Visitor: 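Following this message is one structure expressed as structure tokens.
Predicted model only: the values in this text are computed from it and were never measured. The chains referred to below are lettered A, B, ... by the order of the sequence lines, with proteins before strands, and numbering in each begins at 1.
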Amino acid sequence: MGFRFYDTLVNEVRPFTPREEGVVRMYNCGPTVYDSQHIGNYRAATFADVLRRSLDLAGYEVHQVMNLTDVGHLTLDDIESGEDKMELAARREGRTAWEIAQAYIDEYMLVVEKMNWRRPLAYPRATDHVAEMIEITEALVASGHAYVTDAGNVYFSVASFPEYGKLSGNTVEALEAGSRVDVLDEKQHPADFALWKRDAEHQMQWDSPWGEGFPGWHIECSAMSRKYLGDELDIHTGGEDNVFPHHECEIAQSESFTGKTFVRHWMHTRHLQVDGGKMAKSDGTFITYEQVEARGHSMRALRYLLLSAHYRMPLNFTWDALAGAESVVDGLDATIRTLTSDAALAADPAVAERCAAVEAGFLAALQDDLNVSAALAHVHDLRGFVNKHGPFATADADRVRAAFAYVDELLGLDLLTQDSGADGDDAAEIDALVQERIDARASKNWARADEIRDELTGRGITVEDTPDGARWYR
RNA sequence: GGCGGCAUGGCCAAGUGGUAAGGCAACGGAUUGCAAAUCCGUGAUCCCCGGUUCGAAUCCGGGUGCCGCCUCCA
């Protein structure tokens with residue numbers, strides 16, 4: 001069975017078939033780097049990561065690209081009052097737009113590490129691809145899909161693309177009627193959007209056939225996806241807000257330019273809510289990894305929380321929910337940490353059988369439009385099975401670890417490589433204390449035993465007594 | 001104002017026609033010197049009203065609430 005994904009274009013779940021067998025070309029709308037990313041942005045990136053990892057797990061060769069938007073992100077339809085996000089941030093922070101972009105890209109890459117998102121083939125920056133954008137814009141002007149105004153701005157003409165609106169369900173007529181923005185005289189239709197802008201105040205300027213200026217926002221994705229993945233993409237993802245106008249405009253540009261179907265499968269994720277309400281970059285109420293860590297939570301827990309809900313369902317972030325996710329991750333760690341094997345035992349056929357069933361069920365759930373919640377039920381089944389099983393034959397223990405490694409290809413929690421802290425500088429000292437406690441317990445000196453355990457606890461070390469002796473971890 | 005999505009036990013969250021997955025928390029029990037980890041057990045008729053059906057969380061209609069898009073935003 002192959003994958004089935006919801007396709008925003010047709011509003012239903014349908015079979016996914018890439019253009020080239022075994023290869024998936026996927027473009028993810030990435031961050032705009034004029035500010036820190038918040039956990040809402042993390043959800044979108046985690047969705048892209050889950051999708052990518054699911055395809056990896058199923059054996060596809062995934063050609064993934066995620067853009068970094070570092071220019072042109074302004075209110076395209078209103079040049080008079082519109083403000084470029086980069087320019088605004090530059091003024092706010094007293095730095096140049098270029099410095100702003102680099103600083104937030106650096107921070108984003110830090111989050112990439114923390115959230116354990118697999119790296120795409122490329123993270124192209126818009127400012128590095130202005131030439132490609134100009135190339136498409138020129139062609140669109142030449143073919144009559146775009147026009148140049150007296151002011152030197154270039155707009156795409158939605159009237160030239162009859163299918164405009166097919167992704168979002170908007171119609172050109174409805175957009176015109178519902179327009180809340182004053183129509184610019186220079187635009188032929190209120191829904192026309194900018195491909196190139198001239199603004200002497202703008203810090204970022206490039207030469208173009210229409211004079212110095214900068215590119216519109218939408219054109220970057222058409223240009224960069226084409227450069228790295230070709231004219232026809234298998235999957236294009238983004239947040240639900242990207243459906244309109246961004247992706248609608250990309251379709252118009254790209255398909256007018258190439259004459260081919262731009263994207264075979266459009267996938268969008270719902271926004272994250274916080275305490276039941278909206279969370280947006282423009283609100284100033286956003287939560288970042290810094291708050292999560294300051295509250296003593298791990299990024300693994302945040303990752304688990306964000307991936308545990310279906311991407312098309314609302315997910316309400318609460319600190320309670322994050323604490324719950326922390327418990328789940330701790331539980332998985334505990335199961336793997338306490339997994340024991342005994343070379344004298346004979347293999348139990350039920351182990352390999354159960355592991356295979358878990359893996360198969362896990363993948364099948366993912367193939368069903370990324371039903372991660374259902375997939376997680378299989379992980380918990382494996383966990384319960386292992387906890388109840390007792391010591392494993394060596395080969396069986398390896399099989400269990402392989403099964404956890406399999407699901408971790410998706411979960412990305414580094415389940416098998418958690419550091420127990422046993423190789424720390426003070427490990428020998430801790431071993432000695434643990435041994436002293438063992439002796440104390442043997443002589444029923446509970447006071448001393450508890451004293452030692454309290455001291456270790458204070459140092460962030462947990463001691464567990466088991467039938468096989470005591471063990472500790474940080 | 002227009003368009004769209006969602007509403008499942010304390011919390012997170014699957015399930016699109018046949019008598020409600022899974023997890024977290026809580027509580028009771030086992031185990032433990034006490035813990036930790038682990039095991040066993042306990043909870044919902046699915047926002048409200050009406051309809052279709054032998055049968056609905058699942059389909060249809062109405063209502064309420066929340067969210068999103070229409071304007072930069074994952």
Visitor: Among B/rA36, B/rC67, B/rC39, find the nucleotide with the atom closest to the side chain of A/Arg270.
Guide: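 Of all the options, the side chain of A/Arg270 is nearest to B/rC67.
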Visitor: Looking at the side chain of A/Asn242, which of B/rA74, B/rA13, B/rG15 is the nearest nucleotide?
Guide: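 Side chain of A/Asn242 sits closest to B/rA74.
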Visitor: Give the table of side-chain donor-acceptor pairs shorter than 3.5 Å for residues 318-326 of chain A, with sequence neighbours excluded, one pair per line with atom names and distance.
Guide:
residue	atom	partner	partner atom	Å
A/Thr318	OG1	A/Ala321	N	2.9
A/Glu326	OE1	A/His297	ND1	3.1
A/Glu326	OE1	A/Ser298	N	3.0
A/Glu326	OE2	A/Ser298	OG	2.6

Visitor: Ignoring hydrogens and angles, are the base of B/rC6 and the side chain of A/Asn316 linked by a donor-acceptor pair under 3.5 Å?
Guide: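 Checked by distance alone, the answer is no.
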Visitor: A/Asn41 side chain: which of B/rA74, B/rA14, B/rC12 is closest?
Guide: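 Of all the options, the side chain of A/Asn41 is nearest to B/rA74.
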Visitor: P atom, B/rG28 versus B/rC48: distance in rounded Å?
Guide: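 Their P atoms lie roughly 32 Å apart.
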Visitor: Checking contacts here: which listed nucleotide (B/rA36, B/rC66, B/rC6) is nearest the side-chain heavy atoms of A/Glu464?
Guide: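 Nearest listed nucleotide: B/rA36.
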Visitor: In terms of side-chain heavy atoms of A/His310, which of B/rC39, B/rG68, B/rA14 is nearest?
Guide: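 Between B/rC39, B/rG68, B/rA14, the one nearest the side chain of A/His310 would be B/rA14.
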Visitor: Tell me which nucleotide among B/rU38, B/rA37, B/rA14 gets nearest to the side chain of A/Thr338.
Guide: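 Selected nucleotide: B/rA37.
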Visitor: Checking contacts here: which listed nucleotide (B/rC69, B/rG33, B/rU38) is nearest the side-chain heavy atoms of A/Arg383?
Guide: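 Comparing B/rC69, B/rG33, B/rU38 against the side chain of A/Arg383, the answer is B/rU38.
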Visitor: Among B/rC24, B/rG22, B/rC69, which nucleotide sits nearest the side chain of A/His380?
Guide: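 My answer, after comparing the listed nucleotides, is B/rG22.
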Visitor: For the CD atom on A/Glu293, are there more than 12 heavy atoms of other groups (residues, nucleotides or ligands in this structure) within a distance under 6.0 Å?
Guide: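 More than 12 within 6.0 Å, yes.
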Visitor: Has A/Arg441 got a side-chain N or O lying under 4.0 Å from the OP1 or OP2 atom of B/rC34?
Guide: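 For B/rC34, neither OP1 nor OP2 has a side-chain N or O of A/Arg441 closer than 4.0 Å.
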Visitor: Using the C1' atom on both, measure B/rG63 against B/rU53 and round to a whole Å.
Guide: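 That atom pair is separated by 23 Å.
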Visitor: Please tell me which of the listed nucleotides, B/rC12, B/rA74, B/rA35, lies nearest to the side chain of A/His271?
Guide: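 Looking only at side-chain atoms, A/His271 lies closest to B/rA74.
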Visitor: Is there a donor and acceptor pair, one atom on the side chain of A/Asp450 and one on the base of B/rG33, closer than 3.5 Å?
Guide: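 Checked by distance alone, the answer is yes.
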Visitor: So does A/Arg453 reach the base of B/rC34 with its side chain, donor to acceptor, closer than 3.5 Å?
Guide: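 Yes, the side chain and the base share a sub-3.5 Å donor-acceptor pair.
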Visitor: Please assess A/Arg399 against A/Glu353 for the test salt bridge (Lys or Arg N to Asp or Glu O under 4.0 Å), listing each intermediate value before the final yes or no.
Guide: CA-CA 10 Å; A/Arg399 183 65 188 86; A/Glu353 200 174 301; over 6 Å; no
Visitor: Could you tell me whether the phosphate oxygens of B/rA14, OP1 or OP2, come under 4.0 Å of any side-chain nitrogen or oxygen in A/Arg312?
Guide: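 Indeed not, no polar side-chain atom of A/Arg312 lies that close.
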